[in-house]
There are 2 protein chains.
Amino acid sequence: MLKDLDPLLHSQLRLGVMSILLSVESAEFTFLKEKTNASAGNLSVQLDKLSEAGYISVEKSFNGKKPLTTCKITKKGMKAFEEYVNSLKDYIKK
Amino acid sequence: MLKDLDPLLHSQLRLGVMSILLSVESAEFTFLKEKTNASAGNLSVQLDKLSEAGYISVEKSFNGKKPLTTCKITKKGMKAFEEYVNSLKDYIKK
DNA sequence: TAAACTGGTTTACATTATAAACCAAAATAT
DNA sequence: ATATTTTGGTTTATAATGTAAACCAGTTTA
């Protein structure tokens, strides 16, 4: 029987963000925006959701005088991602 | 840059249906319902969408006197599935 | 000092998913 | 015979989700 796919990760933008965060130490809002090609509004909303789920941590600081939002994946996020990929494999293996 | 994921396939239920249809000659509505654990209503709607996209063909006939809905994946559906999997790999590879 | 840009957030709307209600015919129970 | 339930779905209403547009505070540029 096919396993359920974590609905928080089964979203193109959120999955993209998680995928990027897995490959870097941390990423700034603008970097994620550029890489994912998302609008700022959409990215902001989806980062909140990932953050509330505890899949990423979001730190707000300042770069000189400009606001700076920095994101990192958490242990919980990594685990959820791995589980998602595992479940997904049942769907996409030929 | 991450590729877009075909929104028609990026849905748990529709992806599940396609996955199943890839592994069988054809499948009846009730079989798909059982395998995917979906409600009949939801399955009906999603089969329509896949059918309208030309990803599956749906044939309505009778099994004796009972209605019988039989689904098959199409060439177009197979190709779309392959492309989806390819795009997805960029997201889920470590 | 006004205009435009940066780095976002909030809010309203469109799309999507899902469940509940429904339907026709058939099988079963009364 | 005739209710009652079951089968095999479809239609419709609502809930959840995604996304874009509007907005905001502060900064730089003209």
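Chain identifiers are assigned alphabetically (A, B, ...) following the order of the sequence lines, protein sequences preceding nucleic acid strands; residue numbering begins at 1 within each chain.
B:Phe31 has its CZ atom 18 Å from the C1' atom of D:dT7, to the nearest Å. One atom, CG of A:Leu47, and another, P of D:dG18, lie 13 Å apart when rounded to the nearest Å. Rounded to a whole Å, the CG atom of B:Leu43 is 13 Å from the P atom of D:dG8. Look at CD on B:Glu34: it is 12 Å from P on D:dT7, rounded to the nearest Å. When rounded to the nearest whole Å, the span between CG of B:Asn63 and P of C:dA25 equals 17 Å. With rounding to whole Å, B:Glu59 atom CD is found 16 Å from D:dG9 atom C1'. Remark: P of D:dT11 and CG of B:Asn42 are 15 Å apart, rounded to the nearest angstrom. Following rounding to the nearest Å, A:Asp48 (CG) and C:dT9 (P) show an atom-to-atom distance of 7 Å.
B:Ser87 contributes a side-chain N or O that, together with a main-chain N or O of B:Glu83, makes up a donor-acceptor pair within less than 3.5 Å. A distance-only check finds no donor-acceptor pair linking the side chain of A:Glu28 to the backbone of A:Thr69 [under 3.5 Å].
Of all heavy-atom pairs between B:Leu32 and B:Thr36, the closest is O-OG1, 2.7 Å. Annotation for A:Thr74 and A:Gly54: closest pair OG1-O, 2.6 Å, computed over non-hydrogen atoms. Smallest separation of non-hydrogen atoms from B:Leu5 and B:Tyr84: CB-CE1, 4.0 Å.
Taking every side-chain heavy atom of B:Lys60 into account, D:dG9 is the closest of D:dG9, C:dT10, C:dG8.
Within residues 2-13 of chain B, no residue has a heavy atom under 4.0 Å from DNA chain D.
For D:dG18, one of the phosphate oxygens OP1 or OP2 lies less than 4.0 angstrom from a side-chain nitrogen or oxygen of A:Arg14. Applying the 4.0 Å criterion to OP1 and OP2 of C:dT16, one finds that B:Lys49 has every side-chain N and O outside that range. Of the side-chain N and O atoms in B:Ser39, none sit less than 4.0 angstrom from OP1 or OP2 of C:dT18. Phosphate contact (OP1/OP2 of D:dT10, side-chain N/O of B:Ser44, threshold under 4.0 Å): present.
Heavy atoms of A:Leu68 sit under 4.0 angstrom from primed sugar atoms or phosphate atoms, though from no base atom. Within 4.0 Å of A:Lys33, counting heavy atoms only, lies no atom of the nucleic acid at all.
Mapping B:Lys66 and A:Pro67 onto DNA chain C via the closest heavy atom, the residue that lands nearer the 5' end is A:Pro67. Along DNA chain D, the nucleotide closest to A:Ala40 and the one closest to B:Phe29 are compared, and the more 5′ of them pairs with B:Phe29.
Contacts of B:Ala80 classified as side-chain contact (heavy atoms from CB on, under 4.5 Å), with partners at least two apart in sequence or in another chain: B:Asp6, B:Leu9, B:Tyr55.
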Item to complete: Given side-chain contact (heavy atoms from CB on, under 4.5 Å), test A:Tyr91 with B:Met18 step by step and report yes or no.
Response: CA-CA 9 Å; A:Tyr91 289 77; B:Met18 294 291 282; over 6 Å; no
